[in-house]
Amino acid sequence: MNLAARTILQDFFLREISSVLTPEKKISVGVVGGSQRDPELQSLRNIGMEINLTTYGIDNCDIFLDLNTKNQIVNENDLVLCSQVLEHV
């Protein structure tokens, strides 16, 4: 994805998430197919969110998740980010 498109998506994400979540609240975030370095997570931290993070995926993750098979995930998250897997859906 080019930088201009990513910037537009980041701005949209922050505008929408700010209307739902209040800063300085601890939230549980699940990241599917991404990492702790996803830009959305940094944006949340920049506005004062404390994040309890769980990563889901095939490699280097907290919980194994293969989108090609039926999964039994029992975690609850306030927010799930899956921007790295959209091309697979």
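Rounded to the nearest 0.5 angstrom, Met49 CE and Lys26 NZ are separated by 13.5 Å. Atom-to-atom distance recorded for Leu41:CG and Ser35:OG is 7.5 Å, nearest 0.5 angstrom. Atoms SG and CD, on Cys82 and Glu40 in that order, are 10.0 Å from each other to the nearest 0.5 Å. Taking CG from Leu44 and CG from Leu81, the interatomic distance works out to 7.0 Å, rounded to the nearest 0.5 Å. Between the CD1 atom of Ile17 and the CG atom of Leu79 there is a distance of 4.5 Å, given to the nearest 0.5 Å.
Side chain of Thr69 to main chain of Asp66: a donor-acceptor pair is present (N/O by atom type, distance under 3.5 Å, no hydrogens or angles). At distances below 3.5 Å, not a single donor-acceptor pair connects side-chain atoms of Asp11 with backbone N or O atoms of Ile8. Side chain of Thr55 to backbone of Asp62: a donor-acceptor contact under 3.5 angstrom is found. Within the 3.5 Å criterion, the main-chain N or O of Ile27 finds no donor-acceptor partner in the side chain of Asp78.
In terms of hydrophobic clustering, with Ile, Leu, Val, Met, Phe, Trp and Tyr side chains grouped at heavy-atom distances under 4.5 Å, Val80 and Phe64 are assigned to different clusters.
Two residues are said to be in side-chain contact when any heavy atoms from C-beta on lie closer than 4.5 Å; Leu65 and Val32 meet this criterion.
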Determine, stepwise, if the pair Asn77 / Tyr56 fulfils side chain to side chain donor-acceptor pair (under 3.5 Å).
CA-CA 12 Å; Asn77 295 287; Tyr56 302 89; 3.1 Å; yes
Report the C-alpha distance between Ser43 and Gln10 in whole Å, list the side-chain angles of each, state the deciding distance to 0.1 Å, and finish with yes or no for side chain to side chain donor-acceptor pair (under 3.5 Å).
CA-CA 8 Å; Ser43 294; Gln10 259 324 88; 2.5 Å; yes
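Environment of CD in Gln42: crowded, with over 12 heavy atoms of neighbouring residues, nucleotides or ligands closer than 6.0 Å. By the neighbour-count criterion of 12 heavy atoms within 6.0 Å, atom CD of Glu16 is densely surrounded, having more than that number from other residues, nucleotides or ligands.
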